[in-house]
2 protein chains.
Amino acid sequence: MLEIPKPTLGRLPLYYRALVTAADAGLEIISSAELGESAGVDSAQVRKDITYFGQFGRPGIGYNVPNLLLALEQILGLSNPNEAVLVGAGRLGMAICNYPGFTRFGLKIVAIFDIDPQKQGQQVDGLEIFPLWRLERIVKKLGTQIGIITTPASSAQGVAKMLIASGVQAIWNFAPVNLKVPPDVILRNEDLAVGLATLSHYLSSGHGSQKLK
Amino acid sequence: MLEIPKPTLGRLPLYYRALVTAADAGLEIISSAELGESAGVDSAQVRKDITYFGQFGRPGIGYNVPNLLLALEQILGLSNPNEAVLVGAGRLGMAICNYPGFTRFGLKIVAIFDIDPQKQGQQVDGLEIFPLWRLERIVKKLGTQIGIITTPASSAQGVAKMLIASGVQAIWNFAPVNLKVPPDVILRNEDLAVGLATLSHYLSSGHGSQKLK
DNA sequence: TAGATTGTTAATCGATTAACAATC
DNA sequence: TAGATTGTTAATCGATTAACAATC
């Protein structure tokens, strides 16, 4: 399969969401213009993006909603559910455990870890919080693929090491720090400070009117 | 002042963080190579990015840490603190209220709103949760510039309208939905589902080794 | 047939990378 | 002077936009 550009990959979830909405509304067919309108993307861009993973439209007609939805699930890897462990049971961690958007994207958190003995043994949404020293054995046993880091910045690198030693293939990092990981580990940084700084810049520079990201 | 490219703007907070660390360590001078190493960015890119807002380095020497730090605070608009109201007192909202990274970036949440009467009147970090109908008057009175939306997707557009009617200039949207706002309002979407979908794609496609974002 | 809309090509735009003269 | 490192230019790379022939 050909390589999908990163910017395109970032828009696919937007299309996916727009299509789910359309499907819920009973729509069978959607045009690139309609899809773009709903996702906030130019129609030419929509068509270009879609062709990166196939031909799903019919000239003069549009795209078949269920077909395209299925294709997107494929390409986004949502067909096989993703299991993850979460390290750091603070508020951000708990928010992520509960984030409603994730069920749709097939994320299942299977264990939570925290270094604080106070929290250990507590239940969160039916999941027990385990002590950090049990991480390696549990992750190995479950064969979990994704590790989510919601610890303070100071502990994040250590946690990343543990996760990698335990065999996770991907790390989703919410700690505000630049993690070093081996090249075969997929790393995604979700850095809220970047978003804030961007807003702050545009506010103080007086340029309104930007659609950021 | 010349326009700073968006990708550059996204990297500035990383430099800022690296510089804070360097300053804390008592470093006076830092090279583009060191700064890049710390921020996870190529050194040529670092130099290019910095020149978008001035000349702060000395050939053969490097950059003066305090100077560059100051310049970044300027350009990121951190010199004037940013006040925000937050709408949606769920777990994500609470997590954001507590996110430690924000203090450094000068964000101050001055009021919280929620539609749920159960939550109204409760205190969160010394802030009372107000009913939604009081939003307009309070925001107008405080002159708040930023509105943070952490409601479910279904209510987000309505909340955005209220915020805009109340005079906020920027919206930081965490609800998984494509908001429509007038062109003079700055909109930043923080979409966790995009991050997840990206991870999921790389996991299922078998390409490891990507540093995503 | 006439109107609509795709898939794709070509043109434009913008960002990254590489290289190096100027400077310390 | 020799070595280091910036700021900047030019070359490369990649993404977006525009246009349109092909198709329904």
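- A side-chain donor-acceptor contact under 3.5 Å links N178(A) to the backbone of S38(B).
- One atom, CG of L9(B), and another, P of dA15(C), lie 11 Å apart when rounded to the nearest Å.
- Annotation for E190(A) and L192(B): closest pair CG-CD2, 3.7 Å, computed over non-hydrogen atoms.
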Inset, instruction - Kindly indicate, with the supporting measurements, whether the criterion side chain to side chain contact (heavy atoms under 4.5 Å, CB included) is fulfilled by V85(A) and I148(A). - result: CA-CA 6 Å; V85(A) 296; I148(A) 304 176; over 6 Å; no
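- Helical stems in DNA chain D, defined as runs of 3 or more consecutive Watson-Crick or G-U wobble pairs with donor-acceptor distances under 3.5 Å: C:3-24 with D:3-24.
- Going from atom CZ of F53(A) over to atom C1' of dT8(C) covers 16 Å, rounded to whole Å.
- Distance I4(A) CD1 to dG14(D) P: 16 Å, rounded to the nearest Å.
- One distance of note links CD1 of I146(A) with OG1 of T144(A); it measures 9.5 Å at 0.5 Å rounding.
- As rounded to whole Å, 13 Å separates atom P of dT6(D) from atom CG of N64(B).
- For the atom pair Q169(B) CD and L163(B) CG, the distance stands at 12.5 Å (nearest 0.5 Å).
- Pairs engaging residues 146-179 of chain B under the ring pair (Phe, Tyr, Trp, His ring centres under 6.0 Å) rule: F102(B)-W172(B), W172(B)-F174(B) [sequence neighbours left out].
- With dT8(C), dT16(C), dA15(D) as the choices, the nucleotide that has an atom nearest any side-chain atom of Q45(B) turns out to be dT16(C).
- Applying the salt bridge (Lys or Arg N to Asp or Glu O under 4.0 Å) test to pairs two or more places apart or on separate chains, those with a residue in residues 16-37 of chain A are R17(A)-D191(B), E37(A)-K180(B).
- Listed pair Q55(A) / dT6(C) fails the phosphate criterion, with no side-chain N or O lying under 4.0 Å from OP1 or OP2.
- Checking the phosphate oxygens (OP1, OP2) of dT5(C), no side-chain nitrogen or oxygen of S32(A) falls inside 4.0 Å.
- Remark: C1' of dT6(C) and CG of D49(A) are 15 Å apart, rounded to the nearest angstrom.
- Of all non-hydrogen atoms in G88(A) and D114(A), the two that sit nearest each other are C-OD2, 3.6 Å.
- A side chain to side chain contact (heavy atoms under 4.5 Å, CB included) with S166(B) is found for one member of V139(B), I138(B), L142(B) and no other, namely V139(B).
- Of all the residues in residues 10-30 of chain A, R11(A) reach under 4.0 Å from DNA chain D with at least one non-hydrogen atom.
- Of the inter-residue distances, the one linking L35(A) atom CG with L14(A) atom CG reads 9.5 Å to the nearest 0.5 angstrom.
- Identified under the ring pair (Phe, Tyr, Trp, His ring centres under 6.0 Å) test for residues 71-95 of chain A, with sequence neighbours left out: none.
- One can place OH of Y63(A) at 13 Å from C1' of dA4(C), the figure rounded to the nearest angstrom.
- A distance-only check finds a donor-acceptor pair linking the side chain of N173(B) to the backbone of V177(B) [under 3.5 Å].
- Heavy-atom nearest nucleotides on DNA chain C were determined for G62(A) and for K48(A), and the one closer to the 5' end corresponds to G62(A).
- For the pair F56(A) CZ and dT5(C) C1', the interatomic distance rounds to 17 Å; values are reported in whole Å.
- Note on Y52(B): every side-chain N or O is 4.0 Å or more away from OP1 and OP2 of dA15(C).
- Per the geometry, CG belonging to D42(B) stands 15 Å off P belonging to dT5(D), to the nearest Å.
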Inset, instruction - Using a 4.0 Å cut-off on protein heavy atoms (strictly under), produce a 5'-to-3' string for nucleotides 19-24 of chain D with B for base contact, S for backbone-only sugar-phosphate contact, and - for none. - result: B--BBB
